[in-house]
Amino acid sequence: MRRLRTFLAALAATTALSAAAHAAIVDVTITARNLAAANGVAFAPLRFGFNAGTFDAFNTGQAATAPIISIAEGGSGSAWFPAFAAADPTATLGTVGGVLVPGTIASFTIRVDSVLNPFFTFAAMALPSNDFFIGNDSPTEFRVLNSAGNLLITSIGQKARDIWDAGSETFDPTAAAFLTIGNNDLRTAQNGVVSRNFAELAGFNGLTTAAGYTFTSGLSANTDVFSLSFAVTPVPEPGSLALVAAGLAGIGFARRRMAG
């Protein structure tokens, strides 16, 4: 009996240690919602990365560089993703949805190591615009996961006052993205700096969007325009299951020895 109790205690301790070692691996579902009123601001696909907090895409009051310009002027992330991967090679990167017009929702699930990548960085172009976007200035602003893979925050909200102007392209509806009259390839450099700005969106009022609706900004500083929510699902670790199976077999063996 003493041998059996010792064996069970050792099994329990080993299983607990194994579970703890692998508890950091989780599936995170990110849900993006456009909260703007009908006919209001839309958003390009959301680019994101779970990371170690080392990639700083932009800084308020400073000139925008290529990574954030690729988001702000075209919504593509063509320079943002490579810069992110270079700054943080172990980051987990992805995209949520397509263009989110007012009232729409998109979700995406991705596997994350919360020990390596507890922080969340995101960016998406605001539409229509020449160079407006949403995103976090500080790479450590949003710590979503703790080291055990549990959520530290469940959502991130964005109001109109949180919209950024990259300061890289002059205001011009004929060169703006997401307008039927706009040619997004025609860009005039502004040579400004990154700053908060939502009021300029009213300059697009009355123009037809690529989605077919007539744009009406209708924004005030406290208007909710976008939200992100997070849900976590633990990932079963095959090695732990094998350990449990081996332990059960060991219990049977111990019992047979005792019976004998």
Side-chain angles (χ1 to χ4, degrees), residues 27-50 57 68 70-77 80 93-110 120-137 141-142 144 151 153-166 171 173-184 196-233:
D27 285 338
V28 183
T29 299
I30 309 154
T31 301
R33 295 176 172 83
N34 185 332
L35 305 177
N39 303 321
V41 64
F43 295 93
L46 183 88
R47 316 300 180 178
F48 73 88
F50 281 94
I68 200 61
S70 71
I71 295 283
E73 293 189 2
S76 71
W80 193 79
L93 310 176
T95 297
V96 180
V99 172
L100 285 180
V101 298
T104 57
I105 301 173
S107 294
F108 185 77
T109 300
I110 194 165
F120 185 79
T121 289
F122 69 97
M125 185 181 188
L127 303 168
S129 77
N130 295 92
D131 60 348
F132 281 23
F133 67 99
I134 55 173
N136 51 306
D137 182 359
E141 182 175 357
F142 299 113
V144 172
L151 289 174
I153 59 174
T154 58
S155 64
I156 297 171
Q158 297 285 280
K159 295 182 180 292
R161 64 169 179 258
D162 297 316
I163 295 175
W164 297 98
D165 179 349
F171 174 83
T174 65
F178 200 59
L179 290 177
T180 56
I181 66 166
N183 182 346
N184 195 224
R196 300 287 194 184
N197 186 1
F198 71 89
E200 195 173 88
L201 291 172
F204 300 114
N205 284 351
L207 300 178
T208 303
T209 68
Y213 63 85
T214 300
F215 182 75
T216 303
S217 170
L219 297 175
S220 63
N222 290 322
T223 303
D224 292 314
V225 294
F226 197 83
S227 74
L228 291 165
S229 59
F230 305 95
V232 164
T233 303

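Keep in mind that the numbers below use all heavy atoms, side chains included, and drop hydrogens, waters and symmetry copies. A quick note: this is a predicted structure, and the numbers were derived from the prediction, not measured.
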Quiz item: Any idea which heavy atoms bring Ala44 and Gly75 closest together, and the distance?
Solution: CB-CA, 4.1 Å

Exercise. Indicate yes or no: at least one non-hydrogen side-chain atom of Phe171 is less than 4.5 angstrom from one of Asp131.
Key: no

Quiz item: Any side-chain heavy atom of Leu100 within less than 4.5 Å of one from Phe226?
Solution: yes

Practice problem: Using atom types as modelled and distance alone, determine if a side-chain donor or acceptor of Trp164 lies under 3.5 Å from a backbone N or O of Gly135. | Solution: yes

Quiz item: Can Arg161 and Ser220 be counted as having a side-chain donor-acceptor contact under 3.5 angstrom?
Solution: no

Quiz item: Going from CG on Asn136 to CD1 on Ile156, what distance comes out if it is rounded to the nearest 0.5 angstrom?
Solution: 7.0 Å

Quiz item: Does Asp162 reach the side chain of Arg196, with side-chain heavy atoms less than 4.5 Å apart?
Solution: yes

Practice problem: Working to the nearest 0.5 Å, report the span between CD of Gln158 and CD1 of Ile134. | Solution: 5.0 Å

Quiz prompt | Minimum side-chain heavy-atom gap Val225-Leu219 below 4.5 Å | solution = yes

Practice problem: Quick one: pull up CD in Glu200 and CG in Asn130 and give me the separation to the nearest 0.5 Å. | Solution: 7.5 Å

Quiz item: If only atom types and distance count, is the side chain of Thr216 paired as donor or acceptor with the main-chain N or O of Asn205 below 3.5 Å?
Solution: no

Quiz item: Do Thr29 and Thr109 have side-chain N/O donor and acceptor atoms under 3.5 Å apart?
Solution: yes

Quiz item: What about Phe230 and Phe120, are their ring centers closer than 6.0 Å?
Solution: yes

Self-check item: Phe48 and Phe50 aromatic ring geometry - parallel, tilted or perpendicular at 30°/60° bounds
Solution: perpendicular

Quiz item: Would you say the side chain of Val99 lies within less than 4.5 Å of the side chain of Leu127, judging by non-hydrogen atoms?
Solution: yes

Quiz item: Out of curiosity, Thr233 OG1 to Asp27 CG, how far, rounded to the nearest 0.5 Å?
Solution: 6.0 Å

Quiz prompt | From Leu228 atom CG to Arg33 atom CZ, the distance as rounded to the nearest 0.5 Å | solution = 9.5 Å

Self-check item: Ring-ring centroid check Phe122 Phe133, cutoff 6.0 Å
Solution: no

Quiz item: Can you tell if the side chain of Pro173 reaches within under 4.5 Å of the side chain of Phe204, non-hydrogen atoms only?
Solution: yes

Quiz item: Looking at Leu201 and Pro128, what are the two nearest heavy atoms and their distance?
Solution: CD2-O, 3.3 Å

Quiz item: When Ser227 is tested against each of Ile105, Asn34, Leu35 for side-chain contact (heavy atoms from CB on, under 4.5 Å), which residue passes?
Solution: Leu35

Self-check item: Side-chain (Asn184) to main-chain (Glu73) donor-acceptor, under 3.5 angstrom
Solution: yes

Practice problem: Go through the side-chain N and O atoms of Thr95 and Arg47 and say whether any donor and acceptor fall under 3.5 Å apart. | Solution: yes

Quiz item: Which heavy-atom pair separates Ile163 from Ala126 by the least distance, and what is that distance?
Solution: CG2-CB, 4.5 Å

Quiz item: Between Phe178 and Tyr213, what is the ring plane arrangement, given parallel below 30°, perpendicular above 60°, and tilted in between?
Solution: perpendicular

Quiz item: Is Leu151 close to Val144 at the side-chain level, that is, under 4.5 Å between some pair of heavy atoms?
Solution: yes

Self-check item: Step-by-step side-chain hydrogen bond (donor to acceptor under 3.5 Å, both in side chains) determination, Ser229 to Ser155
Solution: CA-CA 4 Å; Ser229 59; Ser155 64; over 6 Å; no

Practice problem: Would you name the heavy atoms of Thr104 and Val101 that are closest together and state the gap between them? | Solution: OG1-O, 2.6 Å

Quiz item: Of all heavy-atom pairs between Ala221 and Lys159, which one has the smallest distance, and what is that distance?
Solution: O-CB, 3.7 Å

Self-check item: Trace of the side-chain contact (heavy atoms from CB on, under 4.5 Å) decision for Thr223 with Phe198
Solution: CA-CA 10 Å; Thr223 303; Phe198 71 89; over 6 Å; no

Quiz item: Heavy-atom distance under 4.5 Å between the side chains of Pro102 and Asn39, does that happen here?
Solution: no

Quiz item: Which atom pair, heavy atoms only, marks the closest approach of Ala124 to Pro45?
Solution: CB-O, 4.0 Å

Quiz prompt | Straight-line distance of Thr214 OG1 to Leu207 CG, nearest 0.5 Å | solution = 8.5 Å

